[in-house]
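Beneath this line is the structure, given in C-alpha cells, with notes to follow.
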Amino acid sequence: MDLLLQTNREKFKQLSLQYTENLEAVLALQGTLIEDILPSVTDELELDDESIWWAKEWLSDTCSLFRILRRNKFTRSFALECIRKTLVWRFSHLWPPEPPLHMPIVHCLPPLATDPFGRPILVIKIVSLNDGSDAYKPLVIRGFECLRLHLKRLNDNSSQSPVPTLQYVLLLDLKNFSAQSLNIDLFAWTLREVVPHFPGLLAAAFVVNYSWAHGGIWSIAKRILPTPALARVFFPTQEELTEYFSVSMLPKDYGGNLASLTELRDPLRNVNGPLFPIQPDVGRPPSPSLSASAPPIVPVPSKARAPSITPIPPISILNPFFGYPVSSSDGLPSLRHGRRRKRDLALTLFILAWQRWRRHILTCVWILGVILAFRGRRALFRSSRAVQSVWKAVYKRSVTSNLPT
C-alpha cells in the first residue's frame, strides 16, 4: 500500500511540476492557435460564427492543450500540428453539439469525493456489449468529450490551487463482465482513434471485483495497452482500496461510508445545465446561458515572453531530442545547434557506455596495470642481470688480456 501511494505521489508531483514550468509556453501556444491556426481551419472548413465560437471554447481549455503538448514531449511544432488535426477531427465527430449523454455504466462521484491528491473519482462498470462496434463508437467519443468538459468546469469553478485538476482516477468494476463478451475491436479502436485526441485524462486505474475468471481478459489487455498505461493499472485488495481512498471517499458499493452509486448525485448528469454547449441561432452571438457554460476567450499574444525552463540533460528521459544538447531560448526545448550533430551522438553513446560498463572497465584497467607492473619488474630484473653478465664478461676479458704471457 505504501508503494502504491508513493507511486501516485511521484507521478502527481511530476505532472504538477511540468504544468507549472510549461504554463507560459502553453499560453503562448494558445495565442498562436487562436490567431494563426484557427483562421486557416476556418477557411479550410468554411466555418460560420457559431462554429468558430465552438472551436474557441476548446482552444481556451488550457489543460487540454497542456496534455497534448505533454504527449508530444513539449515540442512546439509537433504540438501545433497535433492540435490542428484534432480540431479538424472534432468538427468531423463532435459538431454540431448534441444534448448531454446519459452513460449508465459511467458514474462520477461528487466533487468532494476525491483521491488523496484531489483528483475526481470515476466509476465504470464494464458490461457485455452485444451490438456491433460501430453502434458504440459515437457514444465513446461523446463520453470522452463529456469527461473533458467536466474537468474544465471543475477548474473554472475552483481557483484555490495554482495547478488545476488535470486527470481522473478510475475505479474499473468487472463484476458483471466476462471474457466471452470482450469487444476487442472496440477496445483497440478506442486506444487508436479516440485516446490520442483526449490524451492524459486518466491518472490511474484501480481494478475491483477482479477474479481468476478475468485472467484471460488481462492477458489480452497487456498486449494491447502501451507500457506507460500498464504502469497505471493496479489490482488492490478491499483493504488496500479503502486505505488508499479512505472510507469517507468511497460509496458503500466498494466498502466506503458514502451512499450507493444509485443514490449519489452524478455531476456528469444534466443537473445545472448541459455539459455540451447548445447551438445558438444562426447570425446571433451565444446567449448568456451558453456563455456560462464556456467562459469568454481572452486571446493571448503569440509573442509572449518565453518561459524559463530548467535545462534538460541530453540523456534525460524528458529530453525530446534524447542524446543531443537542448536549448530553451524559444520557450520550448529545441536543438541547441539547430541540428543533430554526429559528435553529440558519439559523446552520448560514450557516456552511456561508460555509465553501463564503468565498473567492468575500471576492474580491467586495474588488472592490466597489475600485470604490466609485474612484467615490468621481471623485465627490469632480467635486464639488470644481463647488464651484470656483460660487465663480468668485459671485466674478465680485460683481466685476461693484462696477464703476462
Side-chain angles (χ1 to χ4, degrees), residues 11-12 15 19 54 57-71 82-83 86-87 89-90 93-95 97-115 117-127 136-158 163-173 186-187 189-207 225 228-229 232-233 249 251 261 264-278 293-295:
K11 292 181 179 179
F12 177 77
L15 184 65
Y19 180 86
W54 185 75
E57 185 277 331
W58 179 66
L59 294 176
S60 69
D61 189 355
T62 307
C63 296
S64 292
L65 299 186
F66 165 75
R67 288 190 291 263
I68 295 178
L69 182 63
R70 180 172 177 262
R71 180 183 177 88
C82 181
I83 293 173
T86 299
L87 183 59
W89 179 87
R90 288 176 60 84
H93 296 83
L94 289 170
W95 179 260
E98 300 183 23
L101 177 65
H102 177 68
M103 301 176 289
I105 65 173
V106 180
H107 195 112
C108 186
L109 300 187
L112 296 180
T114 63
D115 82 328
F117 306 101
R119 298 174 295 199
I121 303 173
L122 195 67
V123 181
I124 297 182
K125 291 186 175 182
I126 304 297
V127 296
Y136 294 100
K137 289 180 179 180
L139 301 180
V140 171
I141 296 175
R142 292 175 58 196
F144 271 85
E145 176 69 357
C146 183
L147 297 178
R148 180 194 72 84
L149 284 169
H150 176 58
L151 280 184
K152 188 173 186 297
R153 272 193 169 183
L154 288 178
N155 295 322
D156 291 342
N157 296 331
S158 175
V163 179
T165 303
L166 297 169
Q167 295 176 314
Y168 289 94
V169 172
L170 174 63
L171 289 182
L172 191 62
D173 192 347
L186 181 62
F187 183 58
W189 173 84
T190 302
L191 294 177
R192 183 180 66 254
E193 300 293 338
V194 183
V195 172
H197 299 291
F198 298 91
L201 282 177
L202 186 62
F206 296 84
V207 184
L225 290 173
R232 296 194 294 267
V233 180
M249 299 295 179
L261 282 177
L264 288 174
R265 182 182 68 86
D266 187 353
L268 297 181
R269 305 293 184 262
N270 185 18
V271 177
N272 297 318
L275 285 173
F276 288 86
I278 302 175
S293 61

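One is the number of the first residue; the rest follow in order along the sequence. None of these values were measured; they are calculated from a predicted model.
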**Asked** Which distance, rounded to the nearest 0.5 Å, do you find between the CG of Asn155 and the OG1 of Thr165?
**Response** 5.0 Å
**Request:** For residues Phe206 and Ile121, determine if any side-chain heavy atom of one lies less than 4.5 Å from a side-chain heavy atom of the other.
**Result:** no
**Request:** State which residues pass ring pair (Phe, Tyr, Trp, His ring centres under 6.0 Å) with Phe12; sequence neighbours excluded, sorted by chain then number.
**Result:** Phe117
**Asked** With sequence neighbours excluded, what pairs up with Arg232 under the side-chain hydrogen bond (donor to acceptor under 3.5 Å, both in side chains) test?
**Response** none
**Prompt:** Can you name the nearest heavy-atom pair linking Asp266 to Val106, along with the distance?
**Reply:** OD2-O, 3.7 Å
**Message:** Quick test of your reading of the model: are Arg142 and Glu145 salt-bridged, counting only N-O distances below 4.0 Å?
**Reply:** no
**Fill in**
Distance col, row Thr114:OG1 vs Leu109:CG, nearest 0.5 angstrom, shows 9.5 Å
**Message:** side-chain contact (heavy atoms from CB on, under 4.5 Å) for Glu57 and Lys152? Distances and angles first, verdict last.
**Reply:** CA-CA 10 Å; Glu57 185 277 331; Lys152 188 173 186 297; 3.6 Å; yes
**Asked** Which is it for Asp173 and Ile105 under the side-chain contact (heavy atoms from CB on, under 4.5 Å) test, yes or no, and what are the steps along the way?
**Response** CA-CA 10 Å; Asp173 192 347; Ile105 65 173; over 6 Å; no
**Asked** Do Pro111 and Arg265 have side chains that get closer than 4.5 Å, going by heavy atoms?
**Response** yes
**Request:** Kindly determine whether Val140 and Trp189 satisfy side-chain contact (heavy atoms from CB on, under 4.5 Å), including the steps that lead there.
**Result:** CA-CA 10 Å; Val140 171; Trp189 173 84; 4.1 Å; yes
**Asked** What heavy-atom pair brings Pro120 and Gln167 nearest, and what distance separates the two atoms?
**Response** CD-O, 3.5 Å
**Request:** Classify the angle between the aromatic ring planes of His150 and Tyr168 as parallel (below 30°), tilted (30 to 60°) or perpendicular (above 60°).
**Result:** parallel
**Gap separating the OG atom of Ser60 from the CG atom of Leu65, nearest 0.5 angstrom** = 8.5 Å
**Message:** For a quick test of reading the model, state the closest non-hydrogen atom pair linking Leu261 to His107 and the distance between them.
**Reply:** O-CE1, 3.0 Å
**Prompt:** Where do Leu122 and Leu268 land on the side-chain contact (heavy atoms from CB on, under 4.5 Å) test, with the steps shown first?
**Reply:** CA-CA 10 Å; Leu122 195 67; Leu268 297 181; 4.1 Å; yes
**Request:** Compare every heavy atom of Pro164 with every heavy atom of Cys63, then report the nearest pair and how far apart it is.
**Result:** SG-CG, 3.5 Å
**Prompt:** Are side-chain heavy atoms of Tyr136 and Thr190 found at a separation under 4.5 Å?
**Reply:** no
**Asked** Of all heavy-atom pairs between Leu202 and Ala205, which one has the smallest distance, and what is that distance?
**Response** CD2-CB, 4.3 Å
**Message:** To the closest 0.5 Å, what do you measure between CH2 (Trp54) and CG (Leu59)?
**Reply:** 10.0 Å
**Request:** Take the angle between the ring planes of Phe144 and Phe198 and call it parallel below 30°, perpendicular above 60°, tilted in between.
**Result:** tilted
**Prompt:** Could you give the distance from CG (Leu149) to CG (Asp156), rounded to the nearest 0.5 Å?
**Reply:** 10.0 Å
**Request:** Quick one: closest heavy-atom pair of Met249 and Leu112, and the distance?
**Result:** SD-O, 3.4 Å
**Request:** Give, for atom CG of Leu151 and atom SG of Cys108, the distance between the pair rounded to the nearest 0.5 Å.
**Result:** 8.0 Å
**Asked** Donor-acceptor pair, Arg67 side chain versus Leu166 backbone, under 3.5 Å?
**Response** yes
